[in-house]
Every structure is written in structure tokens, then in C-alpha cells.
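A quick write-up on the structure given underneath.
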Amino acid sequence: MPSNKARFVTACQQLLALGLVLAALTPAANLVSLDVVHREPGQDQPVSVLASYARTTTMKSVVPVGVVDPVVTEYALTDPTGRSGRANPGSLQARVVPGRSGGRELVSTPQDVTGYGAVGVTWAHGLELEESAISVEVRTQTADAWTAWMPVPYDAEHGPDPRSDEARHARPGTDALLVGNVEEVQVRVTTPDGPAPADLRLAVIDPGQAEDSAVEAPAIDTRELDATELRAGAFTPKPVIYSRAQWGADERMRDGGSPSYFEVHAGFVHHTVNANDYTQAEVPGLLRSIYAYHTESRGWSDIGYNYLVDRFGRIWEGRAGGVDRPVVGAHTLGYNEYSFAMSAIGNFDTAQAPAVMVQAYGALFAWKLSLHGVDASSPSQVVGRSTFKAINGHRDADSTACPGRYLYAKIGRIRELATSAQRGWSGRELESDVASTPHPDLIVRSASDKMGYVLPTGGLTAFDAAKTVVTGVGSIDTVVASTDLTGDGTGDLLVRGTDGEAGVLPGTGSGSFGEAVQTSGLFAGHDLVTAVGDLDLDGRNDLVARDTATGRLDAYLGGGTGAFVRQPLRNGWSGYDLLVGASDVDGDGEVDLIGREAGTGKTWLHRGSNGIGFTARTALTPAWKQFDTITGLGDFTSDRVPDLFVRRADNQLGYVLPGRGGGAYGHPLGPITGTKGVSAITGTQLSGTPAADLVARRGTSLVLLANTGGFDLGQPIPTGVDLANADLVLNAGDWDRDGMGDMITRNKANGALFLRLGNGRGGFGKVRGLAPGFGKVGLLAAVGDMTGDGWPDLMGQPVGGDLRIYPGSGTAGLKDSYVAYRRIDASQQIPVGRHDTDGAPDLLFRTGTGLRLYPGNGPGGLTTSRQLGLDLAPYDWVVGISDISLVGHGDLLVRDKRLGYLYVVPMTPTGFGARRFLGEDLLDYDLAG
């Protein structure tokens, strides 16, 4: 971002404090906060810009459990004086009113309304009317009293783009008017210049009633809570979003062929034009009503808006297809393919927009625009054939009153908030995901059988920033995390005070802890207290500890209630300075124990026996003297194999030692930040996710480092594709824009390119011819959408020629190519998406053992290059991928040509970060893309 737009940033953080007063061993109250602040020039104190919205992100809401089906009842609004010649129970009574060509006023018979109802009026496809040509009003009855007539807005600019598939069967009509809890509704349609349009229908919508409900946090948490990143102000703070499932969306109602994707160049602010007095609990029903009206009555493929926000500041997922993807909506006629929209639930022509709603707009627009490489303060964005600011009201694009005069007056404030919140860029023009996660994947060919495989990544093994969960632990000397000790199926903590008294803090399964269960002084006179799992195979989890006087190992057999029975095992454990409960290391069904020798750091494996105890020890690994922490009892990498977490004593960086079975551990994964400044680190599953978390001591508090659930390099996925005849394989991204990544290969005999469409799970369909004659095109790479037309492209350099763009058009093949840059002397082209902050995709080229960056200048062109400081001498593979963590710039995957290790090298605005180990045994593959 240009320096004149930079903001000084403090923390964007979520702090969770659940305190423990040790004397009583009772939990304290919760405190959760998220804030975004900046410091204006000359100010001593930072200014909060999203304080109200920050509080909203910690709210939980009553949401339906499961699908809730709305009911749409449509009444034919037939003119009784028309051709039918007769009325029916749902027909209109009509009377002629003066007009230039004989207008009509049609008044319906009252219709029943069930639930928090909505109404709308539609007419025949293709009959687009000027807004002055029709007027629709409703009134409602409650307790025998009718309201005054209220206008139902008709906005011809609300809808799918005219040439889209969605528009081919859409019906024109009014917006949905949410009438609330009323008994009856009546509609009046006035057409001053002529008869009413054909096939006029009144839709009355019952949003349905959930059979069960739950109190839940937003299901879509887009925030990155890594403390080091947040302190550095590197990335835009991310909002939390309630999912479609949380408002009870029936996915069968939307078009099975949707969604479609294009680009995001700008965002639009809308409003739904309904009453403003709804409650929090009524919002899911409001969304179902709008969804039902858009799909069932208007004939749209889905709800029109990408997002909606209520008056309480809660953001809700609208159109399906991914909140982080450029899903084409039906909201701003003529501009849907190049933009997104969030609609405020309410009528803001008659009421002020609450501050929390305005701040929610700022947070959502900052994140969404940043995701697609758009500066929120940009005054000029190409949107279709027009130019707009990055953030606009609907009326800026069309002749409409939307989003109401009061909300429109806040557009400038929304721009300010979004601009203040934006940090860096996280556009993903280079799409590299072809398997089961949105994180990038690598397509490779086996050197032995020449079959194709997908090597998936999963966002890296990582932990969220530390959150305070227990306070007042100044007199505690031991903290041990264990799988369930109290019989409720969730992980717990054993804590022991310096006086020898101990207690079990039962975990809630969501990262907090309840009132302690006392275990008396059983652990007094012992050290190296360690959780080992189910030692006696009775279905309850146990611990061990060493008697400090005799060196004997004692078992603490759990009863499933937080209490234990101590049973002596055997002597001979005096030489250890650390014991680690490592779960079942060798896969024989018995829990195992690792001991580390004091002084030498040599580690030994004590395998579990068929009874309560352990067998004779065997040497496990080289010395682990360098670690001040070794903890286990959990799967840290989400592969269902027990791992160890370790921390180096010198720099306090963490690593995961992945379990390989049979008592072996793989190459350390990491480094993992966030473990500096804490002690007594212990780990098990505590926050409700399958992966193990960490608990540590920081001062007089205990903090939780929740596992993000990511992984580094997954197991190879067979594609079923024979690549024996290929000399090049490219991860083409979502080539046909169906939401799933695809593969392009080149035939080594004739140079023809072939396309295989992915299924989103690492598999690919039948081969399709893409283009002939690429045998003499060097530096060929899939570069994402360089041309800005919504389709991914190729770039390559014919022998003796200049670098050229080969624009893609999905399965239709390639369009005519054109020169992107003069000839480049390099051995490899490496797409990296956006490396700088100007919004255009950039490219790297390998020149010997170095890299040169060629920044993009917009429509497929490149500008003057510069050398980047990365020595490629150790590597034979250099593959550009989309951002592996989904929060910043594109990254590189490199393979050590001697060892076969695969590393990720993160890219930064100024160069590269430290490489991180991903996986081993990569010498088994001879092609990668």
C-alpha cells in the first residue's frame, strides 16, 4: 500500500480470560474483545475505528438447527374484467382510474400471513417496466385493525445482469417487503398509463419455523489471530460471518448449476427496504424470506446479495459459493460480474443506520476488497464498462434510491473505516487448490510409474495467538493437560499448588474450564507429572509421576470423575529430567512413555506392557537436549497419528515432530511462532477441534494456544491420470470457473496442450484438447487471470520470440495471443499472484541461481524487473503457488535437489521470509506444477 496511505497499527486481537482463583479453584468471568485501531499524525493515543463491530464479533446468536423450509404461496392477480371473465379467491378487484391511456388500480382480496411474513409482486418475464409505470402498495391487518397503505419498492436495477444465464428465466418484480407478524395482507397495484402487466402474481412468504435452535458463534471465522502478524500490522483484520446453514438455508431451493465466478473490482452498499424493528432472533427468518422470494418468485439462481448485515452488526452469508471467492450475485444490474454487494436489513430511507452496522460494512469491505487486491480508498476502479470508486452506494451505479438516504450518507465513513482497516493484500489470482481445502496443492508425477498425484497443503500446522483462560495461578507449580479425566468426553487440566494440593479443571470442549474437582494431596512429593492416556485399558485416562525420594514411577489411575488411585510401578526413573506421555507410539494398542536423560538429553522409549506398567526401554532418537519443552498426548498435524510438540531453549521457537508409527518421528515441522515468553507448555485436545492444542503459563495466568487445524503436506492423492507422455504439468487453477482447480499437460511428442477438469477432491475428468503447437514455447506457465477478463491464462515464450499472453476462455480453448514483454533470458517462469501492492499479478523468472521479479501493470503486461535475494542453488524445483496461509502474498515451493525435502518460502512485500519445512521423500517425483 502506498506510504501516504499507511496507518500505524496496534493489535487486532481477541483475548479470552477465564480466571482461576486457586484457593477456591473456581473459574472467573469471560472477557472477549476485538478491536482495530490506528494512530492519526500528531495523536498520542490510538483511535478506535471498529470498536462497536469488535464487540459484535464475540456475540453468540440464536440460530436454527438444520434446514428450515420457507413456504411461498403465490396468487394470480388476474383482472376480473380481463379475458378470463371471472374472479377467483386470489384474484383482484379492479377499478379504472384516469390515465393517459386508461390506467388501472387493482386491489387484492386479503390473504393470510403466517410467521414473520414477507410479500412481493412479480410479473411476466421480459416485461421490464419503468419504475414510474407501476406502483405497488400493501397494508396489513392485526387484531381487526388495518394499517395505512405502505409502498413496496420496485427497483428495476435489482437483479441479475441482462445477458447472464440467470436473467434468461428471471421474473421482474418488486423487492420483498418484510411485513412482520401480521394476520392478513392486502396489495394494491396501480398502473397509471395502461393495463397491469401480464401474469401478475402476489407472493406471500412464510419463513418457516425451526424445530430446534442453538446459541452459536458465527460459523465462518475469517480472522487470522497469529500474534506476531497482528503486532506487525501485516494483514487486514478479518470479520466473522454467520453461515447459510445458520439461517436455515435449504440448499435445494437454489439453482444446482450455480454459483458462477468472475472478478471483484468494487463493492456496493444496498438495503433490503423493510421494517427496522426486527429482533435478533427474527433475522434468520428474514433471510429465508428474501431467499425464497428471490428463488421461488423472482426465478433467480440464489439470494441476490453476497452478504447481508443486520442492525445489530452481524454479517450473514448470502449467495452460496464461498465468502472469500468472487461469486457473481444479482444485486447491481449491469455490474454484478465485477463487484460484490452487502445489503443492510432495514429501510434506511426512513431510519438512521446504526454505528455498529456502518462499522460492519467497514470491516467486511476492507477484508473482501483486500482479498481481491483492491485498495479500499481507490477512486477509480474499472467495473464493466464504467469506472467507480472501490466502495459505492447502489445509487452510484443506477437510477435508484438504494441504499436509502441515511445509509448513503455513510458511504464516505464506510470508505474511511475500510481504508483504515486494510493492511496489505491477499489476492489469489494464482489459484493452486485442486484438492479438498482452499490451500494450494502441488501436482506431481511419480518417477517410477509416471502416474499423477496431488500433494495437498492445509494451511500449515499452527496455533492461534495465546488467550488467557485461567488467572490467579501464582502458587501453582504443575500444569498437565490430559484427555478426558472427568468422564464428559472433553480434555481437562490437572493443576497442583506448591502446597501439594491438586485439582482437575474440567474442560468445556471450547477452550475454557469449569470449577475444579479436588484430588487432595496424592501428588505431593512427586515430580514429572505426566498424562499418559488409558494406561490400564479401563476406558478412563490416567497419569504417572515420579516419587522424588525414591525415583519410583507411580501410576495415577483415573476413575472418570477427576479422582485418582495411586499405584506404585517400579524404581529406576531417577536419571530423567523429563517424561512425555506420547500416546500409542508404536501402534500396538498400549500407551507409551518417553523419558529424557538429564545432562545428555538422550531419549528413551518405554513401551506400554499388557498390564499397568512399561517394558524395558529402547533408544528412540538422537539427543533432544536442545529442547526445553517436549509434550505429546495428541495429534498436532490432523493426520490421526500422535505427534510431539517441542520448543528450542535458545530461541523459544516451537516445532512439531510428526509421528510416523513404529516409534519413529519425522523431520520437525516449523518453526511455529507464538510460544515465546511462556513456560510449562502442555498439550492435548481442548478447544473442540480434532487437533491437539497447547496450554502454557504466562506470569500468573494460563493461556490457551488453540490449534488452527491446518497441516503442512498431506498424503499423496492418486489422480488416476497417466502422465507418461507429458513433459510439462501445470496446476491451471480454476480454468473453467466451476469452483474447482484443473490441470493442463503438454504432450512431449507433438507439443499439444490438454486440459483435465478437476473434481475438487484431487481427481480429474477425461482429457480435452486445449491447443496444438506448444512444443517450442518455453517458459510456459499457468499465470492466473492476467488479462482481467475472468478466465485464467497461460504465458510463454516461443523460441526466439517475445514473452506472450495466451488468454484462456475456459473449455473453449485459447484466444489469440499477444506480446506481454520483450524476450526474457531465463530458464523458468514462476507465477506468484500479487507480490507488491498495486493490484496487478506479478511474475518471477529464474535466471541461473537467482530470481528476477517482473511486476504486472494490469492487463497482462509486465514492467521493469529487479533482482530478488534468494539463492536457488540448492533447489531443482521452484514452483509458484497461491498464498499457503490465505492471508498475504503468493509463496514459493522449493525442493532440495539432494535431500528431496520440500520447503515453502513465504513471499513478503520486500522479498522472502525464512523457509519452512513441508515434507520429505520428494525425490520420488520427476515433474511438478
Side-chain angles (χ1 to χ4, degrees), residues 67-72 74 118 120-128 154-176 199 201 203 205 207-208 241 243-245 247-264 267-268 270 272 286-308 316-343 368 384 394 397-398 402 734 736-740 760 790-791 810-811:
V67 170
V68 182
D69 287 317
V71 178
V72 179
E74 292 194 335
V121 173
T122 66
W123 50 90
H125 171 75
L127 296 179
E128 300 295 343
Y154 163 53
D155 192 334
E157 311 301 332
H158 278 156
D161 290 341
R163 297 180 304 278
S164 65
D165 290 340
E166 190 172 3
R168 291 191 178 97
H169 50 77
R171 290 172 57 86
T174 68
D175 291 338
D199 196 16
R201 301 180 195 172
I205 303 159
I241 303 170
S243 69
R244 289 170 62 89
W247 51 265
D250 185 345
E251 302 297 352
R252 296 171 298 181
M253 291 172 59
R254 63 184 177 91
D255 183 358
S258 63
S260 61
Y261 299 92
F262 206 70
E263 298 179 13
V264 168
F268 287 97
H270 289 247
T272 61
L286 302 184
L287 298 176
R288 292 194 300 272
S289 292
I290 297 172
Y291 177 45
Y293 182 63
H294 284 180
T295 56
E296 301 294 305
S297 298
R298 298 295 302 273
W300 298 356
S301 66
D302 195 351
I303 193 170
Y305 308 110
N306 300 100
Y307 313 90
L308 297 99
W316 299 81
E317 181 184 15
R319 181 159 290 210
V323 296
D324 61 342
R325 304 206 61 184
V327 180
V328 177
H331 45 79
T332 310
L333 190 73
Y335 305 104
N336 292 307
E337 290 187 334
Y338 300 90
S339 65
F340 72 96
M342 182 158 77
S343 191
K368 180 66 173 177
H394 184 194
D398 296 307
C402 184
D734 185 6
D736 63 340
R737 290 306 187 203
D738 66 349
M740 294 173 284
W791 297 105
T811 56

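Position 1 is the first residue of the sequence, and the numbers go up from there. Everything numeric in this text was worked out from a predicted model, so none of it was measured.
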(request) For A170 and H125, work out which heavy atoms get closest and say how close. (result) O-ND1, 2.6 Å

(request) Measure the spacing between NE2 of H294 and CD1 of I303 and express it to the nearest 0.5 Å. (result) 6.5 Å

(request) Measure from the side-chain N and O atoms of H331 to the backbone N and O of H270, and report whether any donor-acceptor pair falls under 3.5 Å. (result) no

(message) With a 6.0 Å cut-off on the ring centroids, do Y154 and W123 count as close?
(response) yes

(request) Measure from the side-chain N and O atoms of T174 to the backbone N and O of G120, and report whether any donor-acceptor pair falls under 3.5 Å. (result) no

(message) On a heavy-atom basis, which atom in S297 and which in E74 lie closest, and how many Å separate them?
(response) OG-OE2, 2.8 Å

(message) Is the shortest side-chain heavy-atom distance between I241 and W316 below 4.5 Å?
(response) no

(message) To the nearest 0.5 Å, what is the distance between NE2 on H158 and OG on S343?
(response) 6.5 Å

(message) Is the terminal nitrogen or CZ of R244 (NZ for Lys, CZ for Arg) located under 6.0 angstrom from the six-membered ring centre of Y291 and within 45° of that ring's axis?
(response) yes

(message) Distance check, rounded to the nearest 0.5 Å: F268 atom CZ versus D398 atom CG?
(response) 7.5 Å

(message) Checking D199 against R171 for the salt bridge (charged side-chain N to carboxylate O under 4.0 Å, His left out) test, could you report, in this order, the C-alpha distance in whole Å, the side-chain angles of both residues, the deciding distance, and whether it holds?
(response) CA-CA 10 Å; D199 196 16; R171 290 172 57 86; 2.7 Å; yes

(request) Check W300 against A330 and note the closest heavy-atom contact, atom names and distance. (result) CZ3-O, 3.6 Å

(message) I'd like to know if the side chain of N306 and the backbone of V327 have a donor-acceptor N/O pair within less than 3.5 Å.
(response) yes

(message) To the nearest 0.5 Å, what is the distance between CG on D302 and CD on E251?
(response) 7.0 Å

(message) Closer than 4.0 angstrom, basic N to acidic O: yes or no for R319 and E166?
(response) yes

(request) Quick one: pull up NE2 in H394 and CG in D155 and give me the separation to the nearest 0.5 Å. (result) 5.5 Å

(request) Supply the atom-to-atom distance D175 CG to I290 CD1, rounded to the nearest 0.5 angstrom. (result) 9.0 Å

(message) On a heavy-atom basis, which atom in D736 and which in M740 lie closest, and how many Å separate them?
(response) OD1-O, 4.3 Å

(message) Apply salt bridge (charged side-chain N to carboxylate O under 4.0 Å, His left out) to residues R201 and E296 and explain how you reach the verdict.
(response) CA-CA 12 Å; R201 301 180 195 172; E296 301 294 305; over 6 Å; no

(request) Could you tell me which non-hydrogen atom of P162 sits nearest to which non-hydrogen atom of A167, and how far apart they are? (result) O-CB, 3.5 Å

(request) Would you confirm whether N336, through its side chain, and G159, through its main-chain N or O, come within 3.5 Å as a donor-acceptor pair? (result) yes

(message) salt bridge (charged side-chain N to carboxylate O under 4.0 Å, His left out), that's the test. Do R288 and D250 meet it? Break it down for me.
(response) CA-CA 9 Å; R288 292 194 300 272; D250 185 345; over 6 Å; no

(message) Strictly distance-based, threshold 3.5 Å: is any side-chain N or O of K368 a donor or acceptor partner for the main-chain N or O of V264?
(response) no

(request) Look only at the side chain of D161 and the backbone of S164, and say whether a donor-acceptor pair between them is shorter than 3.5 Å. (result) no

(message) Could you report the tightest heavy-atom contact between L308 and G318, atom names first, then the distance?
(response) CD1-CA, 4.0 Å

(message) Determine whether V323 and Y307 satisfy the following criterion, side-chain contact (heavy atoms from CB on, under 4.5 Å), listing intermediate values before the conclusion.
(response) CA-CA 8 Å; V323 296; Y307 313 90; 3.9 Å; yes

